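Heads up: the structure comes next, in structure tokens.
This structure is a prediction, so every number in the text was calculated from the model and none was measured.
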Amino acid sequence: MISYNNKTFRPIQNSENGETSSETLFVYRQDGNILTSEYSGGNIIKGHLIGIVNAEGKIDMRYHQVNKNGEIMTGTCISTPEVLPNGKIRLHEEWTWTSGDSSSGNSIIEEQ
């Protein structure tokens, strides 16, 4: 299993309907197969996520965040890992808002 514990990630790509940007920093913590993260930056004042990591390192997560408009936004995400030649992790994410317009998108975040 991939360990995400104490790793930091930043988005390198996001769909237009997403709120994260290269200014958003995710700090991951992992205990067994349970993953948590706090994140902020860019359009996001504060966010949290919780997820389950499977044996291949894929993450099934739920997130909630407060954006600069003062709105609470929530969603679901499946993140699929890619280990880069330098050993860093890149996560390919497919997400769906469970608030707002309920739209979906894709993003990529990379270990810092």
Side-chain angles (χ1 to χ4, degrees):
M1 179 187 302
I2 293 175
S3 175
Y4 296 99
N5 196 42
N6 295 318
K7 296 187 184 293
T8 58
F9 292 85
R10 282 196 190 274
I12 60 168
Q13 183 180 318
N14 199 359
S15 298
E16 213 172 283
N17 57 332
E19 291 192 336
T20 62
S21 68
S22 61
E23 298 174 324
T24 310
L25 180 67
F26 293 82
V27 179
Y28 278 31
R29 303 280 184 251
Q30 186 174 342
D31 184 9
N33 69 334
I34 299 172
L35 177 79
T36 59
S37 177
E38 288 193 15
Y39 57 97
S40 62
N43 290 323
I44 298 170
I45 296 170
K46 187 80 164 174
H48 299 97
L49 65 82
I50 190 164
I52 302 289
V53 181
N54 73 11
E56 292 78 41
K58 194 175 218 179
I59 309 164
D60 179 4
M61 70 175 76
R62 308 295 178 266
Y63 58 89
H64 59 254
Q65 61 202 35
V66 177
N67 62 26
K68 285 191 172 178
N69 296 328
E71 302 166 311
I72 298 174
M73 301 295 290
T74 62
T76 64
C77 181
I78 300 292
S79 295
T80 304
E82 170 190 3
V83 178
L84 302 174
N86 64 5
K88 301 274 187 176
I89 301 168
R90 177 181 290 161
L91 291 170
H92 299 267
E93 303 183 316
E94 297 178 22
W95 49 264
T96 302
W97 291 114
T98 55
S99 62
D101 64 6
S102 299
S103 62
S104 296
N106 298 287
S107 55
I108 298 174
I109 67 172
E110 222 169 70
E111 183 181 350
Q112 299 299 287

- Query: With distance as the sole test, does Ser99 use its side chain to make a donor-acceptor pair with the main-chain N or O of Thr74 at under 3.5 Å?
  - Reply: yes
- Are Val66 and Ile50 in one and the same hydrophobic cluster, where Ile, Leu, Val, Met, Phe, Trp and Tyr link if side-chain heavy atoms are under 4.5 Å apart? no
- Query: Side chain of Ser79, backbone of Glu93: donor and acceptor closer than 3.5 Å?
  - Reply: no
- Answer yes if the side chains of Ser103 and Asp101 hold a donor-acceptor pair under 3.5 Å, and no otherwise. yes
- Task: Identify the heavy atoms of Ile2 and Glu56 that sit nearest to each other, and give their distance.
- Result: CD1-O, 4.2 Å
- Can you tell me how far the CD1 atom of Ile109 sits from the CD atom of Gln13, to the nearest 0.5 Å? 12.5 Å
- Message: Show me the pairs that pass salt bridge (charged side-chain N to carboxylate O under 4.0 Å, His left out) and involve residues 61-75, at least two apart or across chains.
- Response: Asp60-Arg62
- Note on the structure: For Gln30 and Leu35, the nearest pair of non-hydrogen atoms, with its separation, is CB-CD1, 4.3 Å
- Atom OG of Ser3 and atom CG of Asp31: how far apart are they, to the nearest 0.5 Å? 10.0 Å
- Message: Walk me through whether Val53 and Tyr28 qualify under side-chain contact (heavy atoms from CB on, under 4.5 Å).
- Response: CA-CA 12 Å; Val53 181; Tyr28 278 31; over 6 Å; no
Could you pull out every donor-acceptor pair under 3.5 Å between side chains of residues 84-92 and any protein atom, sequence neighbours left out?
residue	atom	partner	partner atom	Å
Asn86	OD1	Lys88	N	2.9
Lys88	NZ	Gln112	O	2.9
Arg90	NE	Glu110	OE2	2.7
Arg90	NH2	Glu110	OE2	2.6
His92	NE2	Glu82	OE1	2.7

When the side chains of residues 20-27 are checked against the rest of the protein, which donor-acceptor pairs come out under 3.5 Å, sequence neighbours left out?
residue	atom	partner	partner atom	Å
Thr20	OG1	Asn14	ND2	2.9
Ser21	OG	Glu23	N	3.2
Thr24	OG1	Ser21	N	3.1
Thr24	OG1	Ser21	O	3.3
Thr24	OG1	Gly41	O	3.2

- Item | Nonpolar side-chain network containing Ile108, other nodes, edges under 4.5 Å | Ile12
- Across all chains, not counting sequence neighbours, the side chain to side chain contact (heavy atoms under 4.5 Å, CB included) partners of Asn6 are Arg29
- Query: side-chain hydrogen bond (donor to acceptor under 3.5 Å, both in side chains) with Glu19: which of Asn67, Asn43, Asn69?
  - Reply: Asn67
- Taking all non-hydrogen atoms of both residues, which atom of Ile34 and which atom of Ile52 are closest, and how far apart? CG1-CD1, 4.3 Å
- Item | Gap separating the CD1 atom of Ile44 from the CD atom of Gln65, nearest 0.5 angstrom | 4.0 Å
- Message: If I compare all heavy atoms of Gly57 with all of Tyr4, which pair ends up nearest, and what's the gap?
- Response: O-OH, 2.5 Å
- Message: Tell me which pairs pass ring-ring contact (aromatic ring centres under 6.0 Å, His included) where either residue lies in residues 61-83, with sequence neighbours left out.
- Response: His48-His64, Tyr63-Trp97
